[in-house]
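Per chain, numbering begins at 1; letters A, B, ... match sequence-line order.
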There are 2 protein chains.
Amino acid sequence: MERSTRQRRAIREVFLEVGRPLSPQEVLELAKRKVPSLGLATVYRTLKGLVEEGFLTPVALPGEPPRYEPAGRAHHHHFLCRLCGRVYELLGCDLALTHLPPGFQAEGHEVTVFGRCPECA
Amino acid sequence: MERSTRQRRAIREVFLEVGRPLSPQEVLELAKRKVPSLGLATVYRTLKGLVEEGFLTPVALPGEPPRYEPAGRAHHHHFLCRLCGRVYELLGCDLALTHLPPGFQAEGHEVTVFGRCPECA
DNA sequence: GCCACGATGAAAACTTCTTCTCAACTTGCT
DNA sequence: AGCAAGTTGAGAAGAAGTTTTCATCGTGGC
């Protein structure tokens, strides 16, 4: 049976509180404030579980290790700060998929904007 | 001094011939047709050198190891085939960078379209 | 053609990220 | 409270990609 432990509650809460995609390391750092003994292995195990149960989805970014964000949100893209490495959600999508050469079938797309976040600007 | 060897010539030629971004593994396979003894270490060393001298640029894609393509091309984006894993260049860019929340400064962006390439469709 | 020195290839080592192992600890049912 | 079983944390191990090592080979200047 799946148990509700301090660790798992802390990790869930962190995602609801910060409102941006997090890497396993970031999850560890933020959730450690709630459960100081927390270990990285538990973070990975919990992230895996939360993805399977549909609470989180992985976010892949160019040249970056995966982040995770709450699942079920509307189509959107991401902003990666080049200085602090934090990722933010961008609402909306301005991409018009024209220009596809003949024979190519698009099934989806990813847009990543790079730059400086408000804290680093 | 930088020497012109069979291996380096072969790797350069491969990029000019295939016209799409290549991973180190793909470079190895394609250049081996010209120089069968070619080893992966040489591919990595040569790619590094070709990037430094400005002939190639790295291409980062979400959740994928880097590819390399000839440098100096106009702004463009990429198509990743989910079946064969090959990457293609897409000409043009339809992205309008509105919707940036206040305080965020954009410096660049990446667009990746996922789907099936003509050979896999 | 000779030869110094850069380049090569195979394997080992390294990095970074992720998963596994296992003894100790918690949770939740009774 | 007592206990069975799931969970945790630390470190070891694993996976994937890249770099280094080193003996040997090849290039290019003389």
Side-chain angles (χ1 to χ4, degrees), chain A residues 1-15 21-53 55-69 80 82 84-87, chain B residues 1-15 21-53 55-69 78 80 82 84-87 112:
Chain A
M1 162 230 323
E2 287 262 303
R3 289 181 182 173
S4 170
T5 64
R6 269 176 310 142
Q7 291 83 343
R8 289 179 191 172
R9 282 191 297 274
I11 291 173
R12 256 198 163 83
E13 285 167 16
V14 159
F15 278 100
L22 298 172
S23 67
Q25 272 300 331
E26 288 177 309
V27 172
L28 177 64
E29 284 151 26
L30 293 170
K32 249 187 166 160
R33 296 180 188 166
K34 299 167 186 282
V35 184
S37 70
L38 185 63
L40 188 53
T42 298
V43 171
Y44 276 103
R45 277 186 295 239
T46 303
L47 289 177
K48 196 176 177 182
L50 292 175
V51 168
E52 280 170 6
E53 88 183 39
F55 178 72
L56 294 178
T57 34
V59 176
L61 300 157
E64 289 285 314
R67 311 298 206 276
Y68 295 84
E69 69 183 11
L80 171 64
R82 282 181 165 144
C84 65
R86 279 190 285 238
V87 176
Chain B
M1 164 229 324
E2 287 262 302
R3 290 182 182 172
S4 170
T5 63
R6 269 176 309 143
Q7 291 82 344
R8 289 181 191 172
R9 281 191 298 274
I11 291 173
R12 256 197 163 83
E13 285 167 16
V14 158
F15 277 101
L22 298 173
S23 67
Q25 272 301 332
E26 287 177 309
V27 172
L28 177 65
E29 284 151 27
L30 293 171
K32 248 185 167 161
R33 297 180 188 166
K34 300 166 185 284
V35 183
S37 70
L38 185 62
L40 188 53
T42 298
V43 171
Y44 276 104
R45 276 187 294 240
T46 303
L47 290 176
K48 197 176 177 182
L50 292 175
V51 168
E52 280 170 6
E53 88 183 39
F55 178 72
L56 294 179
T57 33
V59 177
L61 299 158
E64 289 285 314
R67 312 297 207 276
Y68 295 84
E69 70 183 10
H78 299 94
L80 171 64
R82 281 180 166 145
C84 65
R86 279 190 284 239
V87 177
T112 308

One pair to check against salt bridge (charged side-chain N to carboxylate O under 4.0 Å, His left out): B:Arg33 and B:Glu26. What are the steps and the verdict? CA-CA 11 Å; B:Arg33 297 180 188 166; B:Glu26 287 177 309; over 6 Å; no
Spell out yes or no: do the side chain of B:Arg8 and the base of C:dA7 have one donor N/O and one acceptor N/O closer than 3.5 Å? no
Would you mind reading off the distance between A:Arg6 atom CZ and C:dG28 atom C1', rounded to a whole angstrom? 15 Å
Heavy-atom pair with the smallest gap, counting every atom of A:Pro58 and A:Val51: CD-CG1, 4.3 Å
Show me the protein contacts with nucleotides 16-20 of chain D, counting only N or O atoms at under 3.5 Å.
residue : atom : partner : partner atom : Å
D:dT18  : OP2  : B:Tyr44 : OH           : 2.3
D:dT18  : O5'  : B:Tyr44 : OH           : 3.4

Among D:dG28, D:dG9, D:dT7, find the nucleotide with the atom closest to the side chain of A:Leu38. D:dG9
Between C:dG28 and A:Arg3, counting only base atoms on the nucleotide and side-chain atoms on the residue, is there a donor-acceptor pair under 3.5 Å? no
Which nucleotide in the set D:dG9, C:dG28, D:dT27 lies at the smallest distance from any side-chain heavy atom of B:Thr5? D:dT27
C:dT27 C1' sits how many Å from A:Glu2 CD, rounded? 13 Å
Flag side-chain contact, heavy atom, 4.5 Å: B:Tyr68 against B:Val59: no
I need the minimum non-hydrogen distance between B:Leu38 and B:Ala31, along with the two atoms involved. CD2-CB, 3.4 Å
May I have the distance from A:Arg67 (atom CZ) to C:dT18 (atom C1'), rounded to whole angstrom? 15 Å
Taking atom C1' of C:dT15 as reference, at what distance in whole Å does atom CD of A:Gln25 sit? 14 Å
A:Ala10 and A:Val35: which non-hydrogen atoms are nearest, and at how many Å? CB-CG2, 3.8 Å
D:dT8 C1' sits how many Å from A:Leu47 CG, rounded? 15 Å
Please answer whether the main-chain N or O of A:Ala60 pairs with a side-chain N or O of A:Arg67 as donor and acceptor at a distance below 3.5 Å. no
